[in-house]
Each structure stands twice: as structure tokens, then as C-alpha cells.
Amino acid sequence: MQLPPFAKQAMHWLALQPLHEPAAPADGMPDGAQPGGAGAAGAESAAPDMLADAAAALGWWALQFTPRVALLGQVVLLEVSASERLFGGRRQLIMRVRAAERPVARLRMTQAASALLALARLQVAAAAGRDPDQLPLYALADAVPHLATLERIGCQTWGDLRALPRGGVVRRFGAPLLEALDRAYGQRPETYPWLVLPEVFEQPLELQAQVEAAPALLFAARRLLAQLQVWLQARQQGVLALELVWQMDARRDTATQASVVIRTATPTLDMAHLQRLLAEKLQRISLPAPVLHLCLRTLETVALSGATASLLPDAQRRGDDWVQLLERLAARLGPEQVLRALPHADHRPECMQDWVPAAAALPGADTPRAVRAAAGGAGKKAQRLPGGSSGKVAGSRYDNSAGKRATTRKPPMLRDALYPTWLLATPLRLAVHQDRPLYQGPLTLLAGPQRLEAAWWDVARAPAVVAAVAVMAQEPRPSSVRPPEVSTTVADPPLLPDAPQISRLALRDYFLARSAQAGLLWIYRERLMTARVDGDKPVGQWYLHGVFG
Amino acid sequence: MSQPVPIDAHAGIWRADALAWPAGVVLATGHAALDAQLPGGGWPVGALVEILQAHSAQNEWRLLLPALARSGAGPVVLVGAPHMPFGPGLSAQGLAPERLLWVRATAPAARMWACEQALRCAQVEVVLAWLPQTRADQLRRLQMAASEHGKLLFVMRPARAQTESSPAVLRLLASLQPGGDGVQLEILKRKGPPLAQPLQLPARPARLAALLAHDGPGRLRLPGTAGSGLTDVPQGATRPVDAAPSICKAGDALARVAAAA
């Protein structure tokens with residue numbers, strides 16, 4: 001027995017279709033009139049060509065209205081009966097879908113009591129309000145294989161087909177056609193594989209043409225990023241790390257796959273920023289073979305908390321974000337070129353600060369992040385001075401870095417006044433003329449000496465040196481005496497190239513010196529065992545270490 | 001009803017014998033003699049300031065540090081600094097080293113790019129750029145970015161650039177005082193009459209100046225006579241040290257410092 005059509009008005013379906021060209025209607029539409037169900041197309045809405053997979057993106061976006069979203073080819077089906085009440089009625093819900101602030105793409109929308117009917121109305125543009133019986137048969141997907149036969153027996157519309165005896169139709173055309181017709185009239189339940197938002201974004205993209213140069217990949221990657229943005233918005237997450245993988249022509253005798261990873265310090269939804277970072281990375285890559293496929297996947301995402309809007313109009317400052325600036329600078333110039341200072345408690349001037357990559361040690365970062373940055377700096381990428389300390393010392397500095405940071409907050413005042421504003425990364429050895437150091441002319445010593453003796457722990461591996469230091473510590477006038485065995489261990493020319501071994505034992509006398517050309521300078525003279533032997537008496541080398549700029 | 005604010009059509013015009021006024025937002029330089037000669041009485045915010053100096057002399061910190069110390073808490077971006085900035089020395093003069101961002105770009109194009117990016121950042125307070133090779137049109141770009149985003153921008157250039165034209169609002173030629181330790185400052189360009197006499201800035205930090213004045217060459221102590229070695233470290237480190245202006249025996253102070261070190 002047959003149920004009357006739409007006996008239960010339980011279900012209500014929306015069919016959404018991304019519009020590829022706003023002017024030209026999609027294929028399969030006999031007449032080009034825009035249907036009444038055409039959705040709103042805001043100014044910000046991207047063309048679906050800008051998305052890697054417009055239908056999937058539209059589906060993800062539509063998941064905010066109902067959990068029952070199905071993808072049928074390029075059409076997105078929404079079953080909204082369950083969420084009508086939440087949105088304040090069917091009319092309100094549809095208004096909302098149409099007038100969404102940022103639709104993923106320009107879209108056309110139709111609605112009907114069954115999915116197949118909505119689909120048919122989407123296909124037949126002028127059928128928005130038409131009775132289902134009047135719909136042409138080509139709008140029913142299951143009838144399309146039999147269209148020629150049906151036409152010859154005089155069946156043009158759904159109504160014509162329904163009027164035929166059911167048994168004959170089943171015998172002639174098979175059961176699926178009749179079942180589809182029943183579903184379209186709401187006499188059979190419709191189920192579809194519901195769209196599920198994937199846990200991890202991974203979107204492949206086949207390139208329309210082979211790409212030879214890496215920067216040109218950006219154009220295709222832009223579509224993937226647009227897709228990623230839809231996914232992130234649907235999941236309300238921000239991306240921390242993502243990977244762009246490309247597959248290259250296997251006929252070349254090279255690697256067939258390569259990738260680039262982008263990391264951001266703060267979770268971001270800003271695709272323009274990611275695109276700039278990606279562009280900087282791709283600028284440096286040369287492709288050994290043409291690229292055919294791209295794939296973008298997220299490596300790390302975190303939930304994004306909403307931003308607090310300001311009540312005051314002037315509270316927002318114009319310009320880019322600081323974190324984004326750091327990342328952009330690091331992406332183009334290299335992370336080791338964009339540096340921030342981390343203070344350290346040390347008596348050696350070259351160890352008082354660590355210049356670490358700024359993207360790792362962000363301003364306003366709380367202690368764990370700062371400590372992590374310090375660990376990273378000490379462990380792998382530390383921008384230490386040339387001839388930086390051994391790993392052992394770096395490790396020990398990290399272990400009690402918290403305490404030392406606390407002590408460096410309030411440095412002693414007097415010593416600071418004597419510090420220069422510029423420090424030479426490598427102390428410059430000065431020539432000496434008549435016991436006076438020269439730097440662009442003779443230097444006049446103004447003040448000093450300021451004695452520095454530090455880093456004896458740095459030479460703990462050389463027992464002879466430690467012993468020598470111990471001896472000298474007891475000497476009343478150590479500068480005049482130098483144990484002879486020390487010169488063989490430390491002042492060995494192969495061990496000591498022109499640049500002094502900075503984070504070794506530091507025995508120095510610092511002086512303020514004035515140069516006629518260069519102004520006030522900070523120079524030091526090495527003492528004792530680190531000095532060279534000149535004839536029979538040790539002569540301390542003079543080095544330029546800082547400039548009072 | 002509020003009256004519409006009349007737009008002063010003559011704001012960009014000033015009498016040839018007077019400094020431009022009003023001059024927009026300025027930040028006091030910290031040097032009274034210099035403030036008196038600058039339109040508005042300070043560094044112009046949102047404009048390009050050029051500091052020309054000889055290659056060997058570095059006077060930029062002396063000129064800028066007093067102002068930078070009071071320029072808020074935003075980052076100070078150094079693009080292409082000639083040496084490594086020494087945080088303890090800068091913090092002694094009021095500039096927190098946490099504010100510094102040191103961008104080590106060598107190529108002129110990379111420096112320009114980094115400058116422009118930094119100027120466009122909302123949080124950045126000051127940009128200091130060392131641009132030995134640059135053209136006027138590139139500087140104009142920076143000037144536009146600085147004025148659009150309201151940043152302090154100082155560009156350090158070699159002294160030979162004084163003959164080139166520049167879009168800078170303020171151009172200074174800094175050189176060392178012959179025979180002395182101060183900075184001799186010529187104002188090459190400003191919104192006002194040309195400056196006849198170069199300015200003399202005794203621009204050492206007060207404590208360092210006091211130390212230098214006291215501990216002159218006659219008082220120079222020979223190396224090897226100060227400090228006593230490793231055993232004195234804890235004692236010297238905990239000894240209270242007087243504030244700077246009251247340094248009366250700088251030599252002893254230095255000795256204590258050496259012992260602490």
C-alpha cells in the first residue's frame with residue numbers, strides 16, 4: 001500500500017551548491033535564470049575556485065547548522081529538521097544560511113521535504129515552487145540511465161513515472177528506480193553517509209599543470225590554505241604547525257617527495273600570515289623535478305579561545321602583530337638572524353647575555369616558555385659568541401637559570417656604569433707600539449684596571465691549568481710570576497688561534513681607553529698564563545672588546 | 001553642538017627665522033641643548049631622523065639612549081647593528097635589554113625590508129637602522145611607513161651621505177669633539193633656520209663622566225696592582241656600593257669592582 005506523499009513532515013532538506021561562476025550557471029541547468037533559492041554571496045566570500053575542495057569546505061561550514069550533512073557529488077545536503085528549533089524556526093534557519101556573514105563560497109540553495117527533491121530543484125532552476133509531479137525525469141539521478149526508454153513511452157515527468165504500474169516498472173527498470181522515486185516523495189526513509197569533520201586536516205590537490213619552480217607552488221597552496229581555514233573555523237582551532245608535501249615526477253631520477261614544515265609561535269587562523277611564511281620558505285627551495293601533486297596537512301593544532309573585543313575604538317593599534325613580525329623576519333632572514341637577549345649572571349662580559357632566536361623566546365612569555373627558550377638556546381641553537389662555551393657549561397647554566405635570572409634583575413649599579421654599549425663578538429687583538437695599544441692610532445688609557453678573573457671552572461678538564469690557578473690564587477702578586485708548565489697547556493699556539501678562547505679561563509684587566517677617531521673604547525689585557533711568551537717575559541695581549549657608542 | 005575644529009591650513013608653513021610649530025608628536029631627547037634646537041623640542045615621532053657619522057665613530061647610543069629609556073616599553077628593533085648590543089651596558093643607561101630585537105641582516109635590500117616590516121608592526125616603538133648603502137627613494141619609503149604607523153625611526157648613515165638629498169625630516173651630523181669626549185652635533189636639516197654653531201653635547205652617562213673626570217690619565221693605575229684574586233669574590237660582591245654621583249674615590253671603586261669580578 002502506498003502512503004500519501006509527505007505524510008510525515010518530519011524531515012526537511014536543504015541542498016547547497018557552490019557556484020563556480022556567478023555569471024554562467026552550472027552545467028545541467030537548462031535555463032539560466034537564477035533560482036529564487038540562490039544564496040547570499042557576500043563580498044568576502046571566496047570563489048569556490050579558490051578552495052581545494054569547495055564542496056567539502058561547504059559541508060564543513062554547513063556543519064554549524066546541523067550535524068546531518070551529506071556530500072553528494074558537488075552538492076551538500078543538509079537535514080535541518082532537528083535543529084530548526086535551536087535556530088528559532090525553519091524560516092530563521094534558512095535566513096541564517098543565506099545571510100551568513102562569511103559563506104565559504106557563493107552558493108545556491110534549494111529546500112524540499114526530501115533530499116532528492118531538493119536536489120532536483122537545484123538542478124532544474126525554474127522549479128523552485130513547482131509541484132514534484134511536474135519535475136522532469138532527468139532531475140532524478142536513478143532515472144538518468146533509462147531516460148531514452150522512458151521518453152519513448154511518453155514519460156517526461158516524475159508524475160508520469162509514478163502513474164505507471166509499480167510492478168511493471170520494477171520488472172522493466174529494476175527496483176532502484178522506484179525506490180529512488182519513493183524516497184524523493186518521502187515515502188521511504190533517506191539515509192546518507194553523514195559528513196564528519198576530520199580530526200586532522202589533510203587535503204590533497206592535483207595540480208592542473210606541472211610546476212617547475214617552488215615559488216609557483218604558492219598559488220596552489222593558497223587554495224589548500226583557504227580550505228584549511230574553513231576546517232579550522234569549523235573546529236574552532238588554530239594551527240601551530242603544518243606541512244606542505246609535494247610529489248614530484250617519478251620519471252626523473254630524483255626524490256619523488258619533499259615537504260616543508262611551517263611552525264608558528266601562537267595558534268593562528270590568519271592564512272595571510274601562513275601564506276607569507278610559506279612564501280618565504282618556498283623562495284629558498286629549488287625543485288629537482290616538476291611537481292604534480294600537493295598535500296597540506298596539519299601537524300599541530302590547538303583550540304582557539306575567542307579574542308576579547310575592545311570597547312574603546314582607539315584601543316586597537318594599527319599594524320601587524322609582533323609575533324607575526326618575528327616569524328616573518330625569521331622566515332626570510334633565518335631564525336639565527338633575529339635575536340633577543342637573555343641575561344645571564346656571569347662575570348665574563350661575553351657570557352652576560354645570550355642572543356637567542358627571538359621567535360623561540362617571545363616577549364611577555366611566562367617563565368616556562370622562557371626557560372624552554374633558554375634550554376633550546378643552550379642545547380642546540382644558541383647564538384653564543386664565537387668560541388662559545390662547552391656544552392657542560394651551557395648545561396650548568398640552564399640548570400639554575402631561574403635563580404640566575406632572578407639575580408640579574410637587579411644588577412649592581414656601579415659596574416654597569418663602566419660597561420660599553422657595544423660589544424665586539426670576537427675581541428679584536430690590538431697591535432702594540434712601545435707598550436701602548438694601538439687602534440686607529442695610539443690609545444690613551446683613561447681608567448683601569450678593572451680586573452676580571454672568572455671561568456676557572458671552564459678549564460676543569462685540564463688538571464695542570466687548575467693546579468696553576470690554585471697556585472696563583474695563593475700568590476700575593478700573581479702577575480709577575482707565571483708557572484712555566486702552564487704555557488705548554490694553554491698558551492699553545494695551535495690551541496689558541498688569533499681569537500682568544502673566550503669562555504676558557506678569563507684573566508683580564510679591563511681599561512677604558514680613548515681613541516682620537518673611535519671615541520671611548522673598552523679594551524683589556526690578558527694576564528698571566530693566557531699571555532704569550534715574548535723573549536723571557538710574558539707579555540699580555542691587548543684586545544678591543546667594547547665600544548662606548 | 002560642537003563646533004567643527006578648524007583645520008590649520010598653515011600648519012606646514014613656518015617663518016624662516018623660527019622653528020616649525022606645531023611640530024606633531026615629539027619625544028624629548030634628554031639633552032637640553034639639543035631639545036632647544038629641534039622643532040617641538042624633541043625627536044619627531046612618525047618621521048625619519050637621519051644621523052650621519054664617520055664610519056669609525058659610533059655616537060648613536062649617546063644621542064638616542066636618554067630618549068629610548070623614556071620611550072615606553074615597546075620593542076626597539078635594531079636592523080644591521082655594527083656590533084653586538086651589550087645588554088648590561090644599555091640597561092645601565094635605562095634601556096631594558098628585553099626590549100631589544102637585533103636583526104642581523106647584511107644585504108642592503110634585506111635591511112630595508114626588515115625595517116619596513118618592523119615599522120608596520122603595531123607593538124614596535126622604535127626602529128634603529130644602519131643603512132650605509134641606501135637611496136633616497138628607499139628612505140622615502142621608510143619615511144612613509146614611519147609616518148603612517150607613528151614610529152620613531154632613526155637611520156644611521158655614513159658622513160659622506162650629507163651631500164645627498166634625503167627625505168628625512170631631521171638630519172644630524174655627529175662627530176667626536178676634537179680632543180675631547182663629547183659629541184659635536186651639526187643639524188644639517190630641520191624645520192627651521194640653519195644652525196650656525198655646532199652643538200656640543202657632553203653626552204656621557206653622568207656616572208661614567210664623573211668617573212672619567214676623576215680618574216684621569218694622571219690617576220691611571222698600572223695593571224697588576226688592583227684586585228687580589230679569586231678568594232675575594234664573595235666579599236667583594238656583597239659589599240655595598242655608593243650611588244654614582246657620590247663617587248669620590250673612583251680608583252678604589254674600580255678596585256672593588258675588580259675584586260668583585
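Because only heavy atoms are used, hydrogens play no part in the values below, and waters and symmetry mates are left out as well, while side chains stay in. The chains referred to below are lettered A, B, ... by the order of the sequence lines, with proteins before strands, and numbering in each begins at 1.
The greatest number of non-hydrogen atom pairs below 4.5 Å with chain A, out of Val77(B), Val79(B), Val103(B), is found for Val103(B). Options Pro82(B), Pro97(B), Ala107(B) differ in how many heavy-atom pairs under 4.5 Å they form with chain A, and the most are formed by Pro82(B).
For Leu333(A), the part sitting under 4.5 Å from any heavy atom of chain B is the side chain, from C-beta outward, and nothing else. If you measure heavy-atom distances from Ala54(B) to chain A, you find no contacts under 4.5 Å at all. Heavy-atom distances place the side chain of Leu65(B), and not its backbone, under 4.5 Å from chain A. Only the side chain of Val547(A) comes within less than 4.5 Å of a heavy atom of chain B; its backbone N, CA, C and O stay farther away.
Closest of all the heavy-atom pairs between Leu176(B) and Ser515(A) is CD1-O, 4.3 Å. Summarising the geometry of Pro75(B) relative to Trp322(A), their closest heavy-atom pair is CB-CH2, 3.4 Å, with the distance given to 0.1 Å. Trp355(A) approaches Pro85(B) most closely through the heavy-atom pair CZ2-O, 3.3 Å. Across every non-hydrogen atom of Tyr419(A) and Gly89(B), the tightest pair is CB-CA, 3.6 Å.
Looking at heavy atoms from C-beta onward, Met84(B) lies in side-chain contact with Gln353(A) at the 4.5 angstrom threshold. Using a 4.5 Å heavy-atom threshold, the side chains of Gln337(A) and Trp102(B) count as separate. Side-chain contact check for Leu101(B) versus Arg340(A): some heavy-atom pair is nearer than 4.5 Å. Side-chain contact between His83(B) and Leu423(A): absent, with no pair of heavy atoms (C-beta onward) separated by less than 4.5 Å. Between Gln123(B) and Asp321(A) there is a side-chain heavy-atom pair separated by less than 4.5 Å. Counting only heavy atoms from C-beta outward, the side chains of Leu329(A) and Trp113(B) approach each other to under 4.5 Å. With a 4.5 Å cut-off on side-chain heavy atoms, Thr421(A) and Gln93(B) count as touching.
Residue Gln117(B) holds its CD atom at 11.0 Å from CD of Gln324(A), rounded to the nearest 0.5 Å. Distance check: Trp522(A) CH2 to Phe86(B) CZ gives 5.0 Å after rounding to the nearest 0.5 Å. Atom CG of Leu342(A) is separated from atom CD of Glu98(B) by 9.0 Å, given to the nearest 0.5 angstrom.
Between Trp422(A) and Trp130(B), the distance from one ring center to the other falls under 6.0 angstrom.
Residue-environment remark: CZ (Arg160(B)) stays at or below the threshold of 12 foreign heavy atoms within 6.0 Å.
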